[in-house]
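If you're wondering where the values come from, they're calculated on a predicted model, not measured in any experiment. Every heavy atom of this structure was used, including side-chain atoms; hydrogens, water molecules and symmetry mates were not.
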Amino acid sequence: PSVMFGPEDQFFNKFAAMSLISPVLPLIGGGKTKFQPVYVSDVAKAVINALQCPEAKGKTFELGGPEIYSFKEIMQLIMAETYRKRLLVPIPFWVARVKSWFLSLLPKPPLTPDQVKLLRQDNVVDKKVKTFKDLGIAPTAAEIILPEYLYRFRPAGKWARKSNPSYEN
């Protein structure tokens, strides 16, 4: 699967948590890397469907959500869902690699050299492979699920209202 998301994910939650304490968010590699985030429940359904479908035996499926986003667009989506404004700062890959080496020495590193390496390549489904569609599943959009758990990063929590002028992007 592509980057998976859900209530305990280590992607959207990580950057939303960073937005609580930092006035800036990093755009590693300039934020151009493409992702196709996939909802963890959709992946679970795909596994079940594949196990129940004899035609799926021995086949490989690439699982990605319905939308492709750049890393920058994902950061913007996180800010929209958390009602926060943060400066997005492009960081070249080489700078991120050096920083990640030092950060990886921490007990819970916010960035590792392996993560920087993964960010160098787009993480999207190839158009010529078997996908959710072949398993009879319509993947769920991130915009539908993210509000269900990113609300905890909003300035006023679950009951925050986007119409409040102090949260406008």
Side-chain angles (χ1 to χ4, degrees), residues 1-20 25-84 86 88 93 96 108-154 157-163 167 169:
S2 185
V3 171
M4 286 198 283
F5 67 90
E8 301 299 322
D9 71 53
Q10 294 298 307
F11 191 76
F12 286 94
N13 279 297
K14 179 181 279 192
F15 290 105
M18 286 174 75
S19 76
L20 292 175
L25 291 175
L27 291 179
I28 297 169
K32 296 175 184 161
T33 306
K34 301 285 185 198
F35 295 93
Q36 199 168 350
V38 61
Y39 184 38
V40 67
S41 290
D42 291 340
V43 174
K45 287 176 194 172
V47 170
I48 291 167
N49 287 9
L51 290 172
Q52 294 174 345
C53 177
E55 295 83 28
K57 186 176 182 178
K59 304 282 192 285
T60 300
F61 295 82
E62 288 191 17
L63 306 177
E67 300 293 329
I68 295 174
Y69 306 89
S70 68
F71 188 55
K72 181 179 181 179
E73 290 168 334
I74 287 176
M75 291 299 129
Q76 291 168 332
L77 181 59
I78 291 168
M79 288 187 296
E81 289 301 333
T82 59
Y83 305 166
R84 295 185 181 277
R86 296 296 181 253
L88 299 176
F93 282 116
K108 282 187 150 189
L111 186 66
T112 67
D114 285 342
Q115 290 169 328
V116 173
K117 187 176 180 180
L118 288 172
L119 285 169
R120 287 185 157 281
Q121 291 184 15
D122 291 342
N123 191 336
V124 297
V125 173
D126 189 303
K127 295 194 186 305
K128 301 174 188 171
V129 299
K130 295 194 176 297
T131 65
F132 278 121
K133 184 178 178 183
D134 299 290
L135 294 168
I137 298 169
T140 308
E143 289 86 350
I144 292 171
I145 303 300
L146 292 177
E148 293 179 11
Y149 66 94
L150 289 186
Y151 69 82
R152 65 183 179 240
F153 298 102
R154 294 176 185 162
K158 188 171 189 171
W159 310 114
R161 296 170 74 184
K162 196 166 191 169
S163 60
Y167 304 138
N169 284 331

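- Remark: Tyr69 engages no residue in a ring pair (Phe, Tyr, Trp, His ring centres under 6.0 Å) (not counting sequence neighbours).
- Here the shortest heavy-atom pairing between Ala142 and Leu77 reads CB-CD2, 4.3 Å.
- In terms of heavy-atom proximity, Ala56 sits nearest to Ala50 at CB-O, 3.6 Å.
- A 4.5 Å side-chain heavy-atom check between Leu111 and Ile28 finds at least one atom pair inside the cut-off.
- Partners of Thr140 according to the side-chain contact (heavy atoms from CB on, under 4.5 Å) rule, which considers only residues two or more places apart in sequence or in another chain, are Tyr39, Asp42, Ile144, Ile145.
- Here the closest non-hydrogen pair linking Val124 and Glu62 is O-OE1, 4.0 Å.
- Ala16 approaches Thr82 most closely through the heavy-atom pair CB-CG2, 4.1 Å.
- Between the Gln36 side chain and the Glu67 main chain, no donor and acceptor come within less than 3.5 Å of each other.
- Distance NZ/Lys34 to CD1/Ile74: 10.0 Å, rounded to 0.5 Å.
- The shortest heavy-atom contact between Asp126 and Lys128 is OD1-N, 2.7 Å.
- Although no hydrogens or angles enter the test, the distance criterion places no donor-acceptor pair under 3.5 Å between the side chain of Lys72 and the main chain of Gly30.
- At distances below 3.5 Å, not a single donor-acceptor pair connects side-chain atoms of Arg86 with backbone N or O atoms of Met75.
- For the atom pair Ile137 CD1 and Asn49 CG, the distance stands at 4.0 Å (nearest 0.5 Å).
- Note that the CG atom of Leu20 and the CZ atom of Arg84 stand 5.0 Å from one another [nearest 0.5 Å].
- The shortest distance between side-chain heavy atoms of Val125 and Phe132 does not fall below 4.5 Å.
- Nearest heavy-atom pair across Phe61 and Thr131 is CD2-O, 3.7 Å.
- A donor and an acceptor atom, one from each side chain of Asp9 and Tyr149, are located under 3.5 Å apart.
- At a threshold of 4.5 Å between non-hydrogen side-chain atoms, the residues Lys45 and Pro139 do not count as touching.
- Between Leu63 and Met4, every side-chain heavy-atom pair lies at or beyond the 4.5 Å cut-off.
- Between Lys14 and Gln115, the closest side-chain pair of non-hydrogen atoms falls below 4.5 Å.
- Side-chain atoms of Glu81 and Pro147, non-hydrogen and from C-beta on, do get closer than 4.5 Å to each other.
- Counting heavy atoms from C-beta outward, Thr33 and Asn123 have side chains that stay 4.5 Å or more apart.
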For this session: Quick one: do Phe15 and Phe71 satisfy ring pair (Phe, Tyr, Trp, His ring centres under 6.0 Å)? Show the steps, please.
Result: CA-CA 11 Å; Phe15 290 105; Phe71 188 55; 5.5 Å; yes
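- Taking 4.5 Å as the limit, every side-chain heavy atom of Lys59 sits out of range of all side-chain heavy atoms of Leu135.
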